[in-house]
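Everything numeric here is computed off the predicted structure, so don't read it as measured data.
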Number of protein chains: 2
Amino acid sequence: MPKVKSPKKLAVLSEVLAALADPLRLKIVRMLDAEGEKSCGSFEIEIPKSSLSHHFKVLRDSGIVLTHREGKNQINALNRGALKKQYPGLLESVLRAKSD
Amino acid sequence: MPKVKSPKKLAVLSEVLAALADPLRLKIVRMLDAEGEKSCGSFEIEIPKSSLSHHFKVLRDSGIVLTHREGKNQINALNRGALKKQYPGLLESVLRAKSD
DNA sequence: TCAGTAGTTCGACAAATATCGAACAGTTGC
DNA sequence: GCAACTGTTCGATATTTGTCGAACTACTGA
């Protein structure tokens with residue numbers, strides 16, 4: 001049995017790409033990359049919380065983002081390990097592009 | 001004026017990702033990568049031609065695929081130059097993943 | 001226990017995408 | 001010209017996705 005490195009497996013490529021194929025979700029991913037773990041509310045994005053929650057759900061369902069609770073907050077982080085293992089280079093290329 | 005390398009500019013990242021976020025279009029991109037230039041009809045994909053044409057349009061509109069006519073055929077090719085320049089590593093990582 | 005904070009879920013509606021037949025358009029060869 | 005071939009466009013319908021208020025759940029601190 002291989003050693004466990006990443007807590008969650010990613011979805012198939014097309015689903016991961018679909019999750020990334022939205023300017024707002026791309027922004028969230030960039031902020032998680034630049035600022036590390038963040039609670040949902042700490043993203044300064046002007047959008048109703050139900051909409052924001054929806055986008056986090058898409059990111060989680062695809063496996064791109066991992067979430068755990070800390071007190072009242074849900075802490076979100078990039079699933080770097082699984083991304084690197086399953087789709088090497090993908091996150092890097094997406095982050096490197098400065099386009100929406 | 002910089003020297004012209006790629007015939008067409010790509011769409012913004014989210015649009016390029018959306019174009020790639022479909023198993024069928026991903027398959028087309030893989031076949032174009034593996035087999036080089038191909039006419040629309042030479043893809044052995046069981047789908048009505050209007051549907052196939054739609055998917056080619058999405059790929060063209062995003063700038064991923066370039067098309068030119070040769071006789072009766074439309075010849076499609078990956079826009080490798082523009083992809084490499086605008087989103088370095090993206091095509092490679094997508095092609096490398098063997099997932100849908 | 002109760003108020004406040006953080007976030008999810010539900011349900012209705014809107015908007016974007018996909019599917020596919022039919023009609024149309026460009027090219028070739030007779 | 002016209003028939004055959006390749007592919008696009010149109011229009012109708014179906015499916016998916018996004019938006020957002022309201023209700024709900026989980027946790028904290030007084």
Side-chain angles (χ1 to χ4, degrees), chain A residues 8 10-32 35-79 100, chain B residues 8 10-32 35-79 100:
Chain A
K8 187 184 194 290
L10 297 178
V12 294
L13 180 58
S14 55
E15 201 176 327
V16 169
L17 293 173
L20 294 171
D22 179 282
L24 190 73
R25 292 195 293 261
L26 222 37
K27 190 173 178 181
I28 291 172
V29 168
R30 287 192 208 291
M31 291 174 83
L32 286 174
E35 303 169 34
E37 302 197 332
K38 285 173 73 63
S39 68
C40 305
S42 69
F43 291 83
E44 293 189 356
I45 294 175
E46 292 146 21
I47 187 182
K49 58 181 183 170
S50 56
S51 302
L52 192 58
S53 189
H54 162 71
H55 288 296
F56 274 107
K57 179 166 169 46
V58 173
L59 288 170
R60 277 178 212 128
D61 286 352
S62 67
I64 295 170
V65 165
L66 297 171
T67 300
H68 68 277
R69 185 175 273 274
E70 274 181 24
K72 318 190 217 192
N73 299 315
Q74 301 272 111
I75 304 298
N76 300 283
L78 287 179
N79 193 358
D100 286 339
Chain B
K8 187 182 193 289
L10 297 178
V12 294
L13 181 58
S14 55
E15 199 176 329
V16 170
L17 292 173
L20 293 171
D22 179 283
L24 190 73
R25 292 196 292 261
L26 223 37
K27 189 173 178 180
I28 291 172
V29 169
R30 287 193 207 289
M31 291 174 84
L32 285 174
E35 304 169 35
E37 302 198 329
K38 285 175 71 64
S39 68
C40 304
S42 70
F43 291 81
E44 293 188 358
I45 294 175
E46 293 146 21
I47 188 182
K49 58 181 182 170
S50 55
S51 302
L52 192 59
S53 189
H54 162 71
H55 288 296
F56 274 108
K57 180 166 169 44
V58 174
L59 288 170
R60 276 177 213 128
D61 287 352
S62 67
I64 295 169
V65 165
L66 297 172
T67 302
H68 68 277
R69 185 175 272 276
E70 273 180 26
K72 313 191 220 192
N73 299 315
Q74 300 272 113
I75 304 299
N76 301 283
L78 288 179
N79 193 358
D100 286 339

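- Mapping A:Pro48 and B:Arg60 onto DNA chain D by nearest heavy atom places B:Arg60 at the nucleotide closer to the 5' end.
- Between A:Ile64 and the choices A:Asn79, A:Leu20, A:Asn76, the side-chain contact (heavy atoms from CB on, under 4.5 Å) rule is met once, by A:Leu20.
- Residue pairs satisfying the ring pair (Phe, Tyr, Trp, His ring centres under 6.0 Å) criterion with at least one member in residues 48-79 of chain B, sequence neighbours excluded, are listed as follows: B:Phe43-B:Phe56.
- Reading DNA chain C from its 5' end, the first and the last nucleotide to sit under 4.0 Å from a heavy atom of chain A are C:dT5 to C:dT9.
- The CZ atom of B:Arg25 sits 8.0 Å away from the OG atom of B:Ser62 when rounded to the nearest 0.5 Å.
- Contacts between chain A and DNA chain D, taken as any atom within less than 4.0 angstrom of a protein heavy atom, begin and end at D:dG18 to D:dT28.
- Here A:Glu44 pairs with nothing under the salt bridge (Lys or Arg N to Asp or Glu O under 4.0 Å) rule; sequence neighbours left out.
- The salt bridge (Lys or Arg N to Asp or Glu O under 4.0 Å) pairs that include a residue from residues 55-68 of chain B are B:Lys57-B:Asp61, where partners are two or more places apart or lie in different chains.
- The 5' end of DNA chain C is approached more closely, in terms of each residue's nearest nucleotide, by A:Lys72 than by the other of B:Ile47 and A:Lys72.
- Rounded to the nearest 0.5 angstrom, B:Leu32 CG and B:Leu78 CG are separated by 5.0 Å.
- The salt bridge (Lys or Arg N to Asp or Glu O under 4.0 Å) check on B:Glu35 picks up B:Lys38, with sequence neighbours excluded.
- Of the two residues near DNA chain C, A:Asn73 and A:Lys57, the one whose nearest nucleotide lies more 5' is A:Asn73.
- Between the side chain of B:Asn73 and the backbone N or O of B:Ile75, no donor-acceptor pair lies under 3.5 Å.
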